[in-house]
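Keep in mind that what you see is a predicted model, and the values were worked out from it rather than measured. Both counts, for ligands and for their atoms, begin at 1 and track the order of listing.
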Amino acid sequence: MNKSYYIETYGCQMNVADSELVSGLLTREGYTESKDIHDADAIFVNTCAIREHAEDKVHSRLGYYQQIKKKNPGMIIGVLGCMAQNLKDDILESKPYVDIVLGPDSYRRLSEMIRERNGESDHLVDTKLSRFEVYDDMFPSRSEGINAWISIMRGCDKFCTFCIVPFTRGRERSRSLNSIVDEAAKAVADGFVEITLLGQNVNSYNYDGLGFHELLEAVAQFPGLKRIRYTSPHPQDMTQEVLDVMAKHENICNYVHLPLQAGNDRVLKQMNRTYTKKEFITLANKIRKTLPGAGISTDIIVGFPGENEAEFQETIEVMEMIKFDSAFTFKYSSRPGTKAAEFEDHVSESEKQNRLERVIETQKQHTLLRNKELVGRTELVLVEKESKRSSDQWAGRTDSNKLVIFDKGDVQVKDLVPVRIKDARGISLHGEIIQIQEMEGA
Ligand code: SAH
Ligand code: SF4
Ligand code: F3S
């Protein structure tokens, strides 16, 4: 009989890519994807443990799946990903409705577990982390037609003191350059025009002595790839070679995500971020010099243990100096098992909230300012989808990763088109397609 599965994904793009791997595996097992959770023979949830809020969400979803399972007791519920380790004991003790728990390095065992579970064995759990698993030979089943996520490395050895990832995903390991190029080739053959290379520290990629810039160079020469993106790099490993390869190849997007986290040196040291405020600013300037017009985004944590008001002000100060194009901003969330969770001087919730509001406000101004710099210019935009606001308009992104809305004209999704930017409102830009001759004459 044809069985169906439903999969929900939380967390970062690595999880999105992992869910696609799992979908590929389930497809090979003869499962089809169901769009209706009530209809599925199996529900999988790919979980995230980065902040408490992420975990809370998964807990509430588990309660919901339990309700669904009451009506369909034969259904399999599987918890995958970064919360697996943490949830293991909880599930064995108090969540009998969960059938399978698999950590990020154990997905190969999924088919075997589904078969065993159908034979009504007990809970099936595997949260062991591997020093080697990179799922080199497993082809993902991708759902969307523009961008293909490609994992190039797994795990993280940086051990920032606030972060759970080194514990949930284990040691850093890179995938062979050839297998990445093969996967890019397959993605292009399947009609994808953009790839995003993924890893918790993409730029510490190292396979057989080949570094990230060599990998970028190899995929950039690939015919048919209109755009190459990558995320997330770590400031420590952001070499001039990487920037030079980006400058050399038009299809590598002019965009860098450069997570700052905090602006004060004492806090950065306590976070184990391995760079100083000055080094970070120097690096941002180097990026802007090598890659004029590059978009730079960041991640910021407010209220790290012990961070005082003056230290927080330095985060704002760095923001003012660099004027990021966009930022993901977070209140520090204590993660049991990490070093920072044992630090004293936890900042109060109200103070964290207050600081968060101030970084959000600062960023809003900078986003608008950076977007306004583009008004009057012509940007190459990759047409991605219909605009949410109007069926007569497309939405697409510039090389520097900004969203642009424009009238459809006679272009199609996946086309790379010149768009003159006319207006910057909120976080999006508005423009109009211009004719090629017009652009050449401009
Ligand atoms: N590997 C990437 C980030 C991965 S997690 C890097 O090094 O930049 C994405 C972001 O979540 C981090 O950059 C950080 O800003 C945030 N984050 C991680 N742990 C957190 C915690 N305990 N509390 C709040 N934010 C956190
Ligand atoms: Fe977490 Fe730091 Fe590794 Fe990023 S580099 S995943 S923040 S430990
Ligand atoms: Fe979350 Fe794991 Fe990604 S903790 S952010 S899903 S690596």
*Asks:* What protein heavy atom lies closest to atom 3 (Fe) of ligand 2? Include the residue and the distance to one decimal.
*Replies:*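 Going by distance alone, atom 3 (Fe) of ligand 2 is nearest to C156 SG, 2.2 Å.
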*Asks:* May I ask whether H257 has any heavy atom positioned less than 4.0 angstrom from an atom of ligand 1?
*Replies:* no
*Asks:* What protein heavy atom sits nearest atom 24 (C) of ligand 1, and how far away is it?
*Replies:*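 It is K331 O, 3.3 Å.
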*Asks:* How far is atom 5 (S) of ligand 1 from the closest protein heavy atom, and which atom is that?
*Replies:* I50 CD1, 3.6 Å
*Asks:* Using only atom types and a distance under 3.5 Å, with no angle test, would you say the side chain of E133 pairs donor to acceptor with the backbone of Y135?
*Replies:*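 Yes; at least one donor-acceptor contact below 3.5 Å.
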*Asks:* Step by step, would you call E349 with Q353 a side chain to side chain donor-acceptor pair (under 3.5 Å)?
*Replies:* CA-CA 6 Å; E349 181 58 30; Q353 183 60 33; over 6 Å; no
*Asks:* Check the pair Y230, I195 against side chain to side chain contact (heavy atoms under 4.5 Å, CB included), reporting the backbone distance first and the verdict last.
*Replies:* CA-CA 8 Å; Y230 62 88; I195 59 168; over 6 Å; no
*Asks:* Could you tell me whether F162 approaches ligand 1 through its side chain, its backbone, both or neither, with non-hydrogen atoms closer than 4.0 Å?
*Replies:*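 Looking at F162 and ligand 1, atoms from backbone and side chain both fall under 4.0 Å.
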*Asks:* One residue to check: I164. Relative to ligand 1, which of side chain, backbone, both or neither has a non-hydrogen atom less than 4.0 Å away?
*Replies:*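 Neither part.
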*Asks:* What protein heavy atom sits nearest atom 1 (Fe) of ligand 2, and how far off is it?
*Replies:* C163 SG, 2.3 Å
*Asks:* I'd like to know if K57 and E52 make a salt bridge, using a cut-off of under 4.0 Å between side-chain N and carboxylate O.
*Replies:* no
*Asks:* Would you mind checking which non-hydrogen protein atom is closest to atom 17 (N) of ligand 1, with the distance to 0.1 Å?
*Replies:*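 Answer, as residue, atom name and distance: R51 NH1, 3.4 Å.
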*Asks:* Between C160 and ligand 2, which part of the residue brings a heavy atom under 4.0 Å of the ligand: side chain, backbone, both or neither?
*Replies:*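 C160 to ligand 2: contacts from backbone and side chain alike.
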*Asks:* State whether a side-chain donor-acceptor pair under 3.5 Å links S179 with D136.
*Replies:*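 Side-chain D/A pair, S179 to D136: present.
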*Asks:* Under 4.0 Å, heavy-atom basis, I'd like to know which part of F159 is in contact with ligand 2: side chain, backbone, both or neither.
*Replies:*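 The answer is the backbone.
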*Asks:* Under a 3.5 Å cutoff, is there a donor and acceptor pairing between the side chains of Y10 and E8?
*Replies:*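 A pair is found: one side chain offers a donor N or O, the other an acceptor, under 3.5 Å apart.
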*Asks:* Looking only at non-hydrogen atoms, which of M14, R154, Q200 approaches atom 7 (S) of ligand 3 most closely?
*Replies:* Q200
*Asks:* Do any nitrogen or oxygen atoms of I300 come within less than 3.5 Å of a nitrogen or oxygen of ligand 1?
*Replies:* no
*Asks:* For atom 6 (S) of ligand 3, what's the nearest protein heavy atom and its distance?
*Replies:*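 Answer for atom 6 (S) of ligand 3: N15 ND2, 3.3 Å.
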*Asks:* Taking N or O atoms only and a 3.5 Å limit, does S232 qualify as a polar contact for ligand 1?
*Replies:*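 So ligand 1 has no N or O lying under 3.5 Å from an N or O of S232.
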*Asks:* Test your reading of the model: is there a side-chain donor-acceptor pair from E351 to the backbone of S348, 3.5 Å cut-off?
*Replies:*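 Checking the backbone N and O of S348 against the side chain of E351, no donor-acceptor pair under 3.5 Å is found.
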*Asks:* Would R51 count as a cation-pi partner of F330, with NZ or CZ less than 6.0 Å from the six-membered ring centre and within 45° of the ring normal?
*Replies:* yes
*Asks:* Specify the protein heavy atom at minimum distance from atom 8 (O) of ligand 1: its residue, its atom name, and the distance to 0.1 Å.
*Replies:* P259 CG, 3.0 Å
*Asks:* To the closest 0.5 Å, what do you measure between CG (N272) and OG1 (T338)?
*Replies:*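 The distance works out to 12.0 Å.
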*Asks:* With heavy atoms only and a cut-off of under 4.0 Å, state how R169 meets ligand 3: side chain, backbone, both or neither.
*Replies:* side chain
*Asks:* Starting from atom 4 (S) of ligand 3, what is the nearest protein heavy atom, named by residue and atom, and what distance separates them?
*Replies:*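 It is A49 N, 3.2 Å.
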*Asks:* Ignoring hydrogens and geometry, is there a side-chain-to-backbone donor-acceptor pair from R169 to Q200 under 3.5 Å?
*Replies:* no
*Asks:* Report the C-alpha separation of D137 and R108 in whole Å, then their side-chain angles, then the decisive distance to 0.1 Å, and conclude whether the salt bridge (Lys or Arg N to Asp or Glu O under 4.0 Å) test is met.
*Replies:* CA-CA 11 Å; D137 52 337; R108 282 180 201 274; 2.9 Å; yes
*Asks:* Cation over ring, K35 on Y6, under 6.0 Å and within 45°?
*Replies:*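 The answer is no; the distance or angle limit is not met.
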*Asks:* Under 2.8 Å from atom 1 (Fe) of ligand 3 - does any N, O or S atom of C48 fall there?
*Replies:* yes
*Asks:* Can you tell me the protein heavy atom closest to atom 10 (C) of ligand 1 and the distance?
*Replies:*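 Protein heavy atom at minimum distance: D299 OD2, 3.4 Å.
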*Asks:* What protein heavy atom sits nearest atom 2 (Fe) of ligand 3, and how far off is it?
*Replies:*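 Looking at atom 2 (Fe) of ligand 3, the protein heavy atom closest to it is C82 SG, 2.2 Å.
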*Asks:* Ignoring hydrogens and geometry beyond distance, is a side-chain donor-acceptor pair present between E172 and S204 at under 3.5 Å?
*Replies:* yes
*Asks:* Where on S232 is there a heavy atom closer than 4.0 Å to ligand 2, on the side chain, on the backbone, on both, or on neither?
*Replies:*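 Near ligand 2, S232 shows nothing, with every heavy atom at 4.0 Å or more.
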*Asks:* Report yes or no: does a heavy atom of R273 sit under 4.0 Å from some atom of ligand 1?
*Replies:*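 Flag set, R273 near ligand 1.
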*Asks:* At what distance is the nearest protein heavy atom to atom 3 (Fe) of ligand 3, and which residue and atom is it?
*Replies:* C12 SG, 2.3 Å
*Asks:* Does R273 come within less than 4.0 angstrom of ligand 2, counting non-hydrogen atoms of the residue?
*Replies:* yes
*Asks:* Looking only at distance, does Q200 have an N or O less than 3.5 Å from an N or O of ligand 1?
*Replies:*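 Between Q200 and ligand 1, an N or O pair is found under 3.5 Å apart.
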*Asks:* Give yes if a backbone or side-chain nitrogen or oxygen of S333 is under 3.5 Å from a nitrogen or oxygen of ligand 1, and no if not.
*Replies:*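 In this structure, S333 places an N or O atom under 3.5 Å from an N or O of ligand 1.
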*Asks:* How about T274 and Q236: does a side-chain donor come under 3.5 Å of a side-chain acceptor?
*Replies:* yes
*Asks:* Would you say Q13 contacts ligand 3, with heavy atoms under 4.0 Å as the rule?
*Replies:*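 No heavy atom of Q13 comes that close to ligand 3.
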*Asks:* Taking both backbone and side-chain atoms of Q261, is any N or O found less than 3.5 Å from an N or O belonging to ligand 1?
*Replies:* yes
*Asks:* Which of the numbered atoms in ligand 2 are under 4.0 angstrom from any heavy atom belonging to P166?
*Replies:*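 Matching atoms, with element in brackets: 8 (S).
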*Asks:* Using only heavy-atom distances, determine whether the side chains of Q363 and S326 contain a donor-acceptor pair under 3.5 Å.
*Replies:* no
